[in-house]
Structures are given as C-alpha cells and as structure tokens.
2 protein chains.
Amino acid sequence: MPVTLKDISHAAGVSIPTVSLILNGKGDQYNVNTRKRVLKTAKELGYRPNAGALAMRRGRFNTIAILQTADYEKNQLPGPTLGGIRSTLEPKDMHVMLAALPDEKLTSKAYVPKILREWMTDGLLINYTHGFPERMIELIDEFRIPSIWINTKQKHDCAYPDDLAGGVMATEYLLALGHRDIAYMDVSHASDKLEEAHYSARDRLAGYEQAMKAAGAKPRVILGDAGGSSANRLPMLTALLGRGDRPRAILAYGHSISIAYAAARCGVRIPEELSFVSFDAKQRSDLGLPITTAEVPCMEVGCAAAKMLLDKIDRVDRKLPAKVLGFRMAEGRTVAPAK
Amino acid sequence: MPVTLKDISHAAGVSIPTVSLILNGKGDQYNVNTRKRVLKTAKELGYRPNAGALAMRRGRFNTIAILQTADYEKNQLPGPTLGGIRSTLEPKDMHVMLAALPDEKLTSKAYVPKILREWMTDGLLINYTHGFPERMIELIDEFRIPSIWINTKQKHDCAYPDDLAGGVMATEYLLALGHRDIAYMDVSHASDKLEEAHYSARDRLAGYEQAMKAAGAKPRVILGDAGGSSANRLPMLTALLGRGDRPRAILAYGHSISIAYAAARCGVRIPEELSFVSFDAKQRSDLGLPITTAEVPCMEVGCAAAKMLLDKIDRVDRKLPAKVLGFRMAEGRTVAPAK
DNA sequence: GTGAAAGCGCTAACAC
DNA sequence: GTGTTAGCGCTTTCAC
C-alpha cells in the first residue's frame, strides 16, 4: 500500500532513477522544475523509502539487536544502559531491536531464535551474565554475527563495570569520612553461593576488603541469602541492625531500600547513627532520602558496547579488547562523618 | 558477506529456485538426493534468509516499533507491558524495535524521526501520555501507519488501565477490612496541578471518592507537589504521619516506598498502626515487606495493544474501539483489619 | 524433477 | 537533463 518511487515517477511523469536521485539530493543536474515537481509529489503522496530495499542494496540493515532473556524480572537492561546504546547509535541513524529469548526454549537443542535464524541485524549486543547456552554462542559464531557482550567479564568483545575498583572507591569514600567500623553487606548471596554468583558480587567485596586492609581497618563482611525471598530479608536485617554491636557504616551490595527501611524500623537514624553507601545502577530517591551511591557506569557501558559493536560491524572478525568502565560516586544524604 | 541462496545454489550445483523451494519445505517434488544435498550445504554454509529481501517480497517487515521518549527517566515502558507486547508478537515471529525520540528535537518543526521517515515497520505502539506533538500525529496519519496508543484515554485505537475502577477496588479492599479512616495520598500532584496531570491522577482519586461515598465514609484527600524533588518529600511525609490525627489507612497514588519509610521514621508501625495500599505497576518488595498493591494491568495493556495493532495491520484504516483493562489486587503485608 | 523469467523497491553505471 | 539497464536476495509462475 505504501508509496514507492514508481508511484512518484508515474505521478510526476519522470523515470524512477530521476526520482531517486532527486530525493537523495543528488539531482543537481536536473531541471529545477523537474526537481520541484518530484519533491512536491513525493511529499504529497507521503513517500517513505522502503528500509528492506535499502538494506538489500546496502548490505546493511542499520539495526542492531539486544539479546536478553524474556523474563523481565531477571535481567532487564537498565534504562541508562539502553540510553547509552541509543545515543551512540542515533547519530548513525541506526535502530535497536529487542530480542527477548524465552528461557525455557533456550536450552532445547532445536530452538533457534528468529533473530538468529534470519539475517536482519548488523550486530548483537548480548545482555546475559550467565545462563546463556553454549549452543547460542556457537550459533552466533557460526553465523559470524558481530557481537559484543554487556556486563560479562571476558578478554575480548565486551564492556563491563570495574566492580573491584568500584568496591575500593566506595570503601575509601567512607574511610575518608573517618569511618573505620564499616561493614560490607550482601544479603543476596550466601557465602557458599558467592562462587557461582555474578562476578560483581565477588569483585565489589574484594575491593572493599582491599581498601579496608590498606587503611588498616578490620573488614566485617555480612553475607546472607535473603535476596530472593523478601520475607526473610526484613527480619534478618532488623535483627542485624537492632543489635548493640551493629556497624557504624555499611557498604551494601544491593537491596539498599530494605536496609534503610530496616534501620528506620529499628530506630537507627540515617545518617546520624548509621552511614550508608550502596551500589546501584542509579542513585535511588524512592525513600525521599537520596542514597549515597556508588553508581554502576551503566550509561558508559552502553556507550562503549555500542561503539565497539559499530567498530566490529565495520571490520568483522577482529577481536576488540574488553572495555572496563569506572564507577562514580553519587552524593546523597545517607552518610555523615564518623564521630 | 553472509550466505545467500545463490551461494548455496552454486555450491550444490542446482538453481536458486530449487534451493528456495527446498529450504521452505515446498520441495516435495524434488529428488531426495537433491533435497538432502541442498539442506546439507545450507546448514554447512550457515544460511540465514535476508530479512530485507523477505520484507520486500512480502510487503511486510514483521516488525513493530515502540515510540517513546528518549528520556529514560520519564516514560520507560514498564517491564510487564513490554513482556505482554513481546509474548503477543512472538508467536507471529514478529519483532519489536525501540524508537526513542529525543524530546528536544520533537518540537522542532523540521524534525522527522528516522522511524517515521523510513518505511521499516508494520505498525507503531505509541507510549506517550502527553507531550507528544500534534505534528507527529499528523505525520503518522499522513503516512497511514497503523498505530495503537498505550496508556492514553481515547475513544479509539488505544489500550489503557481502568484507573477509576482501580481506585474503587483499592478503596473497597480497605473498607472490607473494616477501615473507615482512609486517606488518599498523592504527593506528586498539587491540587491545582491535577487538571493537567495524567488522567490516572484524577481517575484513581475519583474512584476513591466514589467508593468512600458509597460506603458512607468521609474522604480525606492529601495532595502535594513533592513528587519531583525528593528533598521535600520526606519532611512533608514525616510531618503528616507524625501527627496525632494521622489516618489509620492510606491509599497512595504512588511513592509508596517514601510513605512506608516515613512511617518507619515516625515510629508508626505498618501494618499494625497503619494499613497501607498503593498503586503500582508491579508489587514492590524492595522494603523487604511486600506492599499490598493495586496493580496496574501493565501486561494486559501490552497484550491488548499488541493484539489490536496486529488487527490494524491486517485491516488498515479501521478504527478499533478502546480497550480498558482492570486492576488487580496483589496481597502484601502492609494491611491489617481495622481495630 | 528442474530451471528460466519476472518482479518486489531501490541505486549506480552508463547511454543518449 | 533524462532514461535505460542491471543487480541486490528472494519467491512465484510457468515452461521443459
């Protein structure tokens, strides 16, 4: 139904290439009247070039796809990451396609997602930290689809945050305020589960320990597996924070809202009685109290990954060195100098 | 660089149509050996059909685009909505493209986003509640792009939640627990700003008032413009909740975390001393305490919108009646029977 | 059983 | 200044 060059050429009484050249600004050679006429008819008819035809000619779709799980609870791409990707792609007039892969099917040997089955994008951003089947990787490899991994620690073709340095930075931030009694709190991972968790769980902790050690302060690590079931989390946290020997400062891997809420329920005032820094994709202000946050450089990861992918699309088969992005402290109102 | 039918036809020593027919399962007529050979070479070479060529032939891209602001803080599509859209489209092998439009440019007269400039999708889901320029609508109209609006109240071609009924439902939920002293709290909108706010702000309130009136209970409406600046929010809320005449139950338009946190800071215990229900896209458990929530039917809106769009794509130019979706109560642990 | 030819919308090379 | 021709990858029709 849509309007094609042919339609315009008929309406304007000229040939198809004439229309094409004029509409693409390459029609200087043509008579001014012809040019005007063509431009006018194109506008009147509401012409839009057919992206399929363009893609075929150019051998490029000007589109990349983001591969992620369909389970939106599990692995949503943070808004800023998407923003970074978008803003990098936009100037190149490139588009983003979402490819959400159903976890159930992903393991089945025969399943090939449509996005891989068809050649429809110039490259892939893969947003899987784990649970991405070997077979998918083989497929991507076999099809030679330019791909960059997001938030996965590899030597090549990936962009991820520097969680170790982030851990150091956040700890030093509290140390600089005079705190010594700083606990590291990760209520999503029990100590025996740390090994199989996302690398950020290990690296942030390691960064904390490193910084504490360097400052001659005694690390205090609180781990626990209450991340999944919110039912256990609050009792666990109130028990911890209600005790007399509770830490004076906390660096939290996540679940910052729970911790602040538990503190409030225990009558522990933030920041007067407890300084509190958390890691997060973005500083949160849901509490009405902006949380001092070591912000994951999501946007930067998105930008870097997109830029790398563009690179890879242009020069296929080259391995690109991993890009590691630094955290940023977002000042909030949950920390006070140690007394 | 990618493999085409031509490549396969060369490698297998047959003609292109032969390959095409066989790969598309329409090659019963062909010799078994030919068939096997073609299938094998296709697999070996890693053939993937070119989506551009297919789109050209079929006159369909099997792709829809979601139009929204590039400002990811403002109008992100809720995960469940996207999930609903995806799950509706997936069985049809259709893809979702993200079109994030920069707010700054959107007002400029000359700007036409690439997604509209090119014919590259079969239809549009428009996720703008307000701030979508008239000119964009004209463009979409002019280009006759099948479109459905999400979360916008119109007579036609849109899907949105029934906020009025949602307000009634949430209020009746608290009334059924014996509560009478139920306040409606919206700290994002001052009363004089309600008129220009999203319709949900008015409708949920109206639903509350309606249900209270029907029950013979006295409405108590607390409005205030502290949504944007988190700095004011906490003081405002603690002042409210610290007072002796604070309500025994609250129905909150949003900012549920702030309210619960403020209550905790005031020493007001939830749910013993304060029953608390909030509207939200999804029940939140960040607090470690699942909030009893009137859930916006995001997923349902996504499903409905996607289904309508598919309809519209097939039969262009038909107006579809608006689809209105009901809320759902998600039980949490923030309510108790009135004493 | 298989291949040749045409056409989808577009652009680039070349002829007049 | 403008039109003709060819070809991108694919499917469909039809001839052999």
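Here is the naming used below: chain letters follow the sequence lines, and residue numbers restart at 1 for every chain.
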Taking the nucleotide of DNA chain C with the nearest heavy atom to each, does B:Trp119 or B:Pro17 sit closer to the 5' end?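 First, find each residue's nearest nucleotide; the 5'-ward one identifies B:Pro17.
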On DNA chain C, nearest-nucleotide positions of A:Ala53 versus B:Gly13: which is more 5'? B:Gly13
Between [options], which nucleotide gets closest to the side-chain atoms of [X]?
X       : options               : answer
A:Leu54 : C:dA4, D:dC10, C:dC10 : C:dC10
B:Val14 : D:dG1, C:dG3, C:dC10  : C:dG3
B:Tyr47 : D:dC8, D:dC10, C:dG3  : D:dC10
A:Asn31 : C:dT2, C:dC10, D:dT2  : D:dT2

Residue-phosphate contact under 4.0 Å: [X] side-chain N/O, [N] OP1/OP2:
X       : N      : value
A:Tyr30 : D:dG3  : no
A:Lys26 : C:dT11 : no
A:Ser15 : D:dT4  : no
B:Thr18 : C:dT2  : no
B:Lys6  : D:dC8  : yes
B:Asn24 : D:dT11 : yes
A:Ser20 : C:dA12 : no

At under 4.0 Å between heavy atoms, what does A:Thr4 touch on the DNA or RNA strands: base, sugar-phosphate, or nothing? sugar-phosphate
Looking for any heavy atom pair under 4.0 Å, which part of the strands does A:Ile16 touch: base, sugar-phosphate only, or nothing? base
Nearest-Å distance for atom pair [atom1]/[atom2], residues [X] and [N]:
X       : N      : atom1 : atom2 : answer
A:Leu23 : C:dC10 : CG    : C1'   : 12 Å
A:Gln29 : C:dA15 : CD    : P     : 15 Å
B:Arg60 : C:dG9  : CZ    : P     : 16 Å
B:Leu21 : D:dC14 : CG    : C1'   : 12 Å
B:Asp7  : D:dG9  : CG    : C1'   : 10 Å
A:Arg57 : C:dC10 : CZ    : P     : 12 Å
B:Ile22 : D:dT11 : CD1   : P     : 13 Å
A:Ile8  : C:dG9  : CD1   : C1'   : 11 Å

Trace of the side chain to side chain contact (heavy atoms under 4.5 Å, CB included) decision for B:Trp119 with A:Val3: CA-CA 9 Å; B:Trp119 172 36; A:Val3 182; over 6 Å; no
Taking NZ, NE, NH1 and NH2 as the nitrogens, is one of them in B:Asp311 or B:Arg315 under 4.0 Å from a carboxylate oxygen of the other? yes
Is the shortest distance from a Lys or Arg side-chain nitrogen in A:Asp93 or B:Arg117 to a carboxylate oxygen in the other one below 4.0 Å?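 Salt bridge present between A:Asp93 and B:Arg117.
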Side-chain contact, heavy-atom cut-off 4.5 Å: B:Arg60 with B:Asp314?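 The answer is yes; the side chains approach within 4.5 Å.
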Please examine the side chains of B:Asn50 and A:Phe61, heavy atoms only from C-beta on, and report whether any two atoms are closer than 4.5 Å.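 Contact flag for A:Phe61/B:Asn50 side chains = yes.
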For A:Tyr128 and A:Ile137, what are the C-alpha separation, side-chain angles and deciding distance, and is it a side chain to side chain contact (heavy atoms under 4.5 Å, CB included)? CA-CA 11 Å; A:Tyr128 275 87; A:Ile137 303 180; over 6 Å; no
